[in-house]
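All remarks here apply to the structure that follows.
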There are 2 protein chains.
Amino acid sequence: MPAPVTLSEIAARCGVSAMTVSNVLNNRGKVSQATREQVLTVARQMGYVPNVLARGLKSGRTQVLGLVLPALDPVSVEIAQGVQAALSEARYDMLLYTTSADAGRERERVTALSQGLSDGLLIAMPRAAAADVQIFERSRVPVVLINYNGPDTRLPTVLADNFVPARQATEYLLGLGHRRIGFITGDAGSGQSHERLRGYRAALEHAGLAVDEHLVRTGDFTQVRGFAAAAELLALPERPTAIFAANDFSAVGAMEAARHLGLRIPEDVSVVGFDDIPLASQVFPPLTTVRHPFRALGEGAAQLLLSILDGKAVPAGPVNLASELVVRGSTAART
Amino acid sequence: MPAPVTLSEIAARCGVSAMTVSNVLNNRGKVSQATREQVLTVARQMGYVPNVLARGLKSGRTQVLGLVLPALDPVSVEIAQGVQAALSEARYDMLLYTTSADAGRERERVTALSQGLSDGLLIAMPRAAAADVQIFERSRVPVVLINYNGPDTRLPTVLADNFVPARQATEYLLGLGHRRIGFITGDAGSGQSHERLRGYRAALEHAGLAVDEHLVRTGDFTQVRGFAAAAELLALPERPTAIFAANDFSAVGAMEAARHLGLRIPEDVSVVGFDDIPLASQVFPPLTTVRHPFRALGEGAAQLLLSILDGKAVPAGPVNLASELVVRGSTAART
DNA sequence: CTGTTAGCGCATTCAT
DNA sequence: ATGAATGCGCTAACAG
């Protein structure tokens, strides 16, 4: 493992000052052609690589952004892909934090450690509570929130609305003639789930239907709970003819439950999910679901953070990206 | 955004030297109880956070490891999860690089940029060629290879064998009475695919069966190509009764192709995959496949790199983790 | 127990 | 067009 090469070593070899070498390597004008070429040659020969730390210490910029995720689940991965895309274009690197386990302490650690290391932080924690956000608000590091649905915050936010598409999905089922539509929620803490449930209720009420609370079951965004919740729904005396789940995993669980009970999808039960994770199109029948633009969220948030770091203005309200209903094979008209 | 607090600022407030503050904050003994407490209080009040860059510049250690992945596909994600687990335990952070697009140049950039920023690099690029590995061998940064199956290298490597489990999976199909077993490869460049194919051939030969080259189709690890390759296989005059795909995506594509042709799985065709990505257990019927211990690979590689950074010895040969065949619903005895 | 000195590698400022 | 001095924030090594 050869020792790292420094600017001054190159300077020595070339008989110039370190400053000149620095100027050459950063294309900072005012260097004679001859010197420039010599320096470049020697630098390449010696395998010079700039020390990111030293540069960062001096300039206050490291060209690294941190991305904070709850875990590496499919949704977070899509966000991360978008972030990666935006960052690599801007020649930034991505520091990845997952905070699944010990929530609170971990989050403080993140903001602390990233101090100095990251130029900014992207936070994609849909379940973040007010307390979490306060930590970030107090942080010295510029922060952009992704998909935050909790209490108001002055932090710049990029999100996709949950209420409207949930209402639309429900209206789509109503349009297919369904009248008893079950709903499987996510965990209680999630602002996302809450908004989606609100959209469901709004659609029913708008259609002049009372919301039968027996048709609303508590899930937790997992396939297993989705299975259980759907099993309960389908065991009801007056069975729902359609189930809208707060996310795709729950919906897939619901599909399994229906199959388990000998019900056909979509003939006997229609199922609608939310998110459009890759799995949604890979199950059979492929799942009708709301496509949430996670990749675009990541990309947009990264770009926003970069522009803020460039001193550009912070948008007044949250940046809101559109979702769309993707109709696939798991839904049909009520028979 | 309050300005960052420095050691000397705390020192000033406390009427002590920066050195003492540093000693307190790093538990580097020899500080009176009184001073210690005062410093700690003030530091907390002012919201002190150590500057990782400065510390790294001084100590040569940043507590950051880089993970290089081809993309954020399910397999890479599992590896990343393992790495995260190991690193967070050791209080290291993870810098994530994906190199999908412009392979060569990108790789040089990675080793270059990470110079100084990462204390070491974990490389999980199953398709890495000899040329790539040479770049890493020349790198000044300690490197551990994950799942590298190419030409020999002196770099420490953590991998899961492909040959033996592929042979076992094939033997399992033979044991079920299958005699015409199709094989769908990954892309040619992949050492992984090559080893898996070798295992397939070995099992057939060992059973005294000639390998019918019509039964070996070229895929590229994608579901789409898996579909196409399987369609070809199933259109053969003498149709195979089982298909072994070099990875799960191809296998799922093969299942779709079979269904498309009106064939039942597993009654008419058995399908076996490789990897055991989450999708494998979510499709219907759930896929029989070889479980590759990706999480453990990531975890093991991270631990190995950490121990190397600690000055411990590098294992002589590659560290080899075991895979196992997971029998699910996509395989049955030939009827 | 505590303080001083010095320097990690780079880039900004001001000379030359 | 080039160079010298200086300091980013921290900590080894030594001195008091």
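Just so we're on the same page: letters track the sequence lines, and every chain starts at 1.
Remark: B:Phe294 engages B:His292 in a ring-ring contact (aromatic ring centres under 6.0 Å, His included) (not counting sequence neighbours). Legend: residues meeting side chain to side chain contact (heavy atoms under 4.5 Å, CB included) with B:Ala124, ordered by chain and number and at least two apart, are B:Leu69, B:Ile79, B:Ile146. Partners of A:Phe221 under the ring-ring contact (aromatic ring centres under 6.0 Å, His included) rule, at least two apart in sequence or in another chain, do not exist in this structure. Judged as a side chain to side chain contact (heavy atoms under 4.5 Å, CB included), and not counting sequence neighbours, A:Glu89 has no contacts. By the side chain to side chain contact (heavy atoms under 4.5 Å, CB included) test, B:Ser22 is found to be paired with B:Leu7, B:Met19, B:Asn26, B:Arg28, residues two or more places apart in sequence or in another chain being considered. Considering only residues two or more places apart in sequence or on other chains, B:Asp187 meets the salt bridge (charged side-chain N to carboxylate O under 4.0 Å, His left out) condition with B:Arg127. In terms of the side chain to side chain contact (heavy atoms under 4.5 Å, CB included) criterion, residue partners of B:Pro318 (sequence neighbours excluded) are, by chain and number, B:Thr157, B:Leu159.
Closest approach to the A:Val16 side chain among D:dT2, C:dG3, D:dG3 is made by D:dG3 (side chain taken as heavy atoms from C-beta onward).
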Would you give me the side-chain donor-acceptor pairs under 3.5 Å for residues 61-68 of chain B, sequence neighbours excluded?
residue : atom : partner  : partner atom : Å
B:Arg61 : NH1  : B:Tyr92  : OH           : 3.2
B:Arg61 : NH2  : B:Leu309 : O            : 2.7
B:Thr62 : OG1  : B:Val64  : N            : 3.3
B:Thr62 : OG1  : B:Leu117 : O            : 2.6
B:Thr62 : OG1  : B:Asp119 : OD1          : 3.1
B:Gln63 : NE2  : B:Arg91  : O            : 3.1

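Summarising the geometry, the separation between CG on B:Leu7 and P on C:dT2 is reported as 16 Å, rounded to the nearest angstrom. Atom-to-atom, CG of B:Leu25 to P of D:dG9 comes out at 16 Å; the value is rounded to the nearest Å. Rounded to an integer number of Å, the gap from B:Arg61 CZ to D:dT11 C1' is 15 Å. If you take CG of A:Leu117 and C1' of D:dG9, they are 14 Å apart, rounded to a whole angstrom. The distance from atom CZ of B:Arg28 to atom P of D:dA13 is 11 Å, rounded to the nearest whole Å.
For B:Thr35, a side-chain nitrogen or oxygen approaches OP1 or OP2 of C:dT2 to under 4.0 Å. Close to D:dA4, at under 4.0 Å from its OP1 or OP2, lies no side-chain N or O of A:Ser17. In this structure, B:Ser22 reaches the D:dT11 phosphate: one of its side-chain N or O atoms is under 4.0 Å from OP1 or OP2. Using a 4.0 Å cut-off, no side-chain N or O of B:Asn23 falls inside it from OP1 or OP2 of C:dC1. Taking 4.0 angstrom as the limit, A:Tyr48 places none of its side-chain polar atoms (N or O) nearer than this to OP1 or OP2 of C:dG9. Contact annotation: B:Asn51 side-chain N/O to D:dC8 OP1/OP2 distance is not under 4.0 Å. Dashed line: the shortest gap from a side-chain N or O of B:Thr20 to OP1 or OP2 of C:dG3 is under 4.0 Å.
For CZ of B:Arg13, the number of neighbouring non-hydrogen atoms (other residues, nucleotides, ligands) closer than 6.0 Å is 12 at most.
From one end of the helix from C:dC1-D:dG16 to C:dT16-D:dA1 to the other, with five pairs defining each end axis, the axis direction shifts by 40° (rounded to 10°).
A heavy atom lying under 4.0 Å from DNA chain C marks the following residues of residues 53-60 of chain A, by number: A:Ala54, A:Arg55, A:Lys58.
At least one side-chain heavy atom of A:Leu305 sits less than 4.5 Å from a side-chain heavy atom of A:Pro142. Side-chain contact between B:Ile10 and B:Val5 is present, with at least one heavy-atom pair separated by less than 4.5 Å.
Applying the side chain to side chain donor-acceptor pair (under 3.5 Å) test to pairs two or more places apart or on separate chains, those with a residue in residues 65-81 of chain A are A:Asp73-A:Ser76.
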Anything under 3.5 Å between a protein N or O and an N or O of nucleotides 13-16 of chain C, put it in a table, one pair a line.
none

